[in-house]
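Only heavy atoms go into these numbers, but all of them, side chains included; no hydrogens, no water, no symmetry mates. Note on naming: letters A, B, ... go to the chains in the order of the sequence lines (proteins, then strands), and numbering restarts at 1 for each one.
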Amino acid sequence: MTQAPAFDQLASPIQKWIRAQGWGELRPLQVRATHAILGGEADQIIAASTAGGKTEAAFLPLISQVLTTEPRLGGFDLLYIGPLKALITDQARRLAEICQETELPVVPWHGDIATSTKARALKQPAGILLITPESLEALFIRRGPEIPRLFAATKAVVIDELHTMLESERGVQLRSLLNRLDRRVGRRLRRIGLSATLGDMALAGACLHPDDPAAVGQIEVKGGGELRVQLRGYVSGGEKDQSTTDAIAGHLFQHLRGSDNLVFGGSRQSVEIYADRLRMLCESEALPQEFYPHHASLSRDHRDFVEKRLKDGRLPTTAICSSTLELGIDIGDVTCVAQIGAPFSVASLRQRLGRSGRRAGRPAILRQYAVESRLEHKASFADQLRLGLLRATAMIELLIEGWCEPPQSRALHLSTLVHQILSVVAERGGIRAAALYDLLCRQGPFRSVDKPLFVAVLRAIGHPDRALLEQASDGLLLLGRIGEKLVEHHSFYAVFQTPEEFRILHGSQELGTLPIDTILAPGMLLIFSGRRWLVQSVHSEDKVIMVTSAHAGAPPVFGGDAGQIHDRVIERMFTLLSEKDLPAWLDKTATELLQQARSNYARMPFKHGVLRLGKTTTVIATACGTVRTTSLALALRSFGYQVQQYDGFLELCGDGDPCEPLRALANGSLPDLWSGDPSLVFEKFHPWLTPELLQADALSSRLDLASLPETCRRILAAPSL
DNA sequence: GACCTGCTGCGGTTTG
């Protein structure tokens with residue numbers, strides 16, 4: 001059977017639009033997507049680099065399908081889910097252009113959209129609805145009875161930036177909402193996922209269609225372009241006048257000036273420091289400004305300004321940014337991506353690099369900067385092993401090999417489960433426990449939650465002290481006193497936690513916000529928005545900090561949490577320590593630092609994976625990632641040791657031979673992980689769970705008790721150095 | 001030892 005050319009399968013208004021674009025032909029990705037979408041009913045994953053035309057690949061055939069279906073029923077024809085408001089606004093503009101010659105309305109829907117627009121869309125739902133997971137959540141809670149009317153005729157759900165929606169809290173929430181949507185309209189809505197960064201297409205397919213992952217079609221166009229990498233090493237605390245910060249800023253200034261670039265600073269504080277240095281370098285050379293900071297504490301106005309400058313491409317622009325510019329609206333091609341300090345995951349490094357070298361014939365360029373401290377006489381083992389440089393090197397090697405972290409699927413997500421329980425009860429007004437379990441755990445995303453665990457969660461949040469839920473005499477679950485309050489407030493819709501923030505005002509101008517846990521007092525100095533400021537007053541009630549311009553500054557302190565490094569990254573760091581090869585992309589200093597780390601490691605008298613340093617101090621090479629290393633750290637604490645954690649290593653302080661607890665654990669003895677009363681409240685609804693449930697949740701995601709014997713056996717069997 | 005994401009409905013008043 002011969003297939004009609006993709007173009008001929010599209011509806012005529014779409015063909016007209018394509019001709020008006022002056023496209024000679026459809027791209028291979030769009031041809032394949034058109035055949036797959038119009039030729040069957042299967043879910044699809046469309047994966048290609050940022051500028052690969054994924055949006056058109058999905059929507060040209062989907063809109064064609066809508067236009068050629070008769071009769072058109074009421075309700076939205078297509079549903080698009082986007083993780084960012086800015087992305088929704090941007091995509092709505094593009095889709096409105098495509099739909100210009102059709103009758104299809106394009107409806108962006110998020111917190112910044114006027115209520116009148118939403119009211120109109122609810123009255124006459126049609127066309128393409130573009131919405132955030134949170135606003136969809138709000139529709140369920142506020143407009144529960146109308147859901148079938150709104151989505152009865154919807155042909156497909158397009159999920160943009162699918163990789164951010166896999167096993168994250170938001171991803172589980174979205175999958176739960178889509179499952180609830182399917183149940184309400186009485187059929188399964190087809191799902192189309194779009195992404196630039198998917199490490200494992202099969203795992204992503206399992207997230208999209210857990211009942212039949214093999215049925216998910218995969219349309220992938222690999223970048224395959226040239227990648228140029230350099231890792232530059234720097235040593236801080238040296239005798240030279242120039243600080244490493246100045247040296248890196250100078251190098252960035254020299255190599256990035258005159259083109260568009262992204263510099264990922266690692267933390268907002270470091271973003272501010274580098275933006276400040278680069279601004280001063282421009283000033284001292286009497287050059288126009290082209291380096292701008294970009295992070296979430298800066299005002300939307302400032303961020304829009306930087307994004308627009310990058311996108312329009314007329315003036316050379318380098319954004320010094322945090323992960324704000326890792327995904328989101330199309331900012332055009334950048335010449336190079338720089339990363340200061342080791343990244344936390346290969347996946348995010350890959351996503352960042354995807355912003356460079358997207359035009360044909362132009363390489364993607366990654367400039368990695370690693371700072372290590374000068375080794376003093378009694379340097380710590382961690383400094384001697386150059387762990388930051390080692391991690392950056394390991395991650396770049398894995399990136400080049402095409403690997404990135406897979407989604408973690410064993411997590412219970414109990415905080416998100418509580419959220420969805422409250423949401424379903426609010427939507428329905430009341431529901432029986434068995435029906436709730438079916439909806440969320442049997443059919444929905446909480447499949448690792450068994451019945452006894454589910455009942456324990458219901459009991460916890462139904463306890464009179466917590467009062468999220470209560471049970472009527474006929475058994476129906478209803479919202480409790482506190483549950484009612486939580487669901488009523490608009491802050492309920494997001495499943496993730498956010499700290500409260502202070503607004504920073506310079507006169508009447510808002511510069512941005514800082515987390516409330518920052519310690520700031522009048523008279524203190526800070527660098528913010530790339531400039532220096534003096535704190536004039538702090539108003540706790542209005543959450544406002546007034547500042548004036550200053551000439552000298554100390555950087556503000558931002559809060560934060562620890563990241564999770566994957567086992568595979570740490571394993572590669574140990575390989576790097578013991579082998580002899582030197583990656584060609586290390587500069588002279590980085591090469592010296594790596595060789596130094598190797599010779600220092602070889603000189604450390606490790607007996608198997610254990611190094612005794614003095615009478616009470618011991619270093620253990622766990623050689624595994626954050627989850628397993630943290631599990632061992634907690635276990636050893638229960639044996640009375642003080643434990644400090646590093647990448648792939650633990651430093652123990654305490655009496656006795658630590659090999660004894662290691663042997664006991666290797667033989668399967670169960671430690672009391674909770675003896676030191678570790679904090680287990682990380683997520684939004686954790687405060688309403690019991691200690692037992694918090695422990696179960698932690699064991700499913702942040703800890704791995706089952707791995708302990710094997711971890712300890714490997715440490716005890718490691719070759720001695 | 002870090003970063004990011006999101007947000008409704010109602011009632012009263014004013015204006016064309």
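If you run side chain to side chain contact (heavy atoms under 4.5 Å, CB included) between A:T318 and each of A:L262, A:N261, A:V306, only A:N261 comes through. Of the residues A:Q368, A:Q339, A:R572, the one that meets the side chain to side chain contact (heavy atoms under 4.5 Å, CB included) test with A:I396 is A:Q368.
B:dT5 atom C1' lies 14 Å from atom CG of A:L325, rounded to whole Å. When the P atom of B:dC3 is taken as reference, atom CG of A:L262 falls 18 Å away, rounded to whole Å. What separates CG of A:L349 from C1' of B:dC3 is a distance of 14 Å, to the nearest Å. To the nearest angstrom, C1' of B:dG6 lies 13 Å from CG of A:L177. Protein atom CD1 of A:I81 is 19 Å distant from nucleotide atom P of B:dT5, rounded to whole Å. Here the C1' atom of nucleotide B:dG6 and the CG atom of A:L327 are 14 Å apart, to the nearest Å. As a whole-Å value, the separation of A:Q497 CD from B:dA2 C1' is 16 Å. A straight line from CZ of A:F682 to C1' of B:dC3 spans 17 Å, rounded to a whole angstrom.
Mapped onto DNA chain B by nearest heavy atom, A:A296 and A:Q645 fall at different nucleotides, with A:Q645 at the one closer to the 5' end.
In this structure, A:R184 does not pair ionically with A:E146, as no charged nitrogen and carboxylate oxygen lie closer than 4.0 Å. For A:D90 and A:R94, the salt-bridge test fails: no basic side-chain N is under 4.0 Å from an acidic carboxylate O. Contact check on A:R175 versus A:E167 returns a salt bridge, with a Lys/Arg side-chain nitrogen under 4.0 Å from an Asp/Glu carboxylate oxygen.
Here the CD atom belonging to A:E326 is positioned 9.0 Å from the CZ atom belonging to A:R355, to the nearest 0.5 angstrom.
Remark: A:R300 is not in phosphate contact with B:dG6, judged by side-chain N or O atoms under 4.0 Å from OP1 or OP2. The shortest distance between the side-chain N/O atoms of A:R170 and the OP1/OP2 oxygens of B:dC4 is not below 4.0 Å.
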Its contact letters, B for base, S for sugar-phosphate only and - for none at protein heavy atoms under 4.0 Å, make nucleotides 7-16 of chain B read BBS-------

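Partners of A:R568 under the side-chain hydrogen bond (donor to acceptor under 3.5 Å, both in side chains) rule, at least two apart in sequence or in another chain, do not exist in this structure.
In this structure, A:F496 counts as stacked on the base of B:dT5 under the 5.5 Å centre distance and 30° plane angle limits.
Here the side chain of A:F344 is nearest to one of B:dA2, B:dC4, B:dT5, namely B:dA2.
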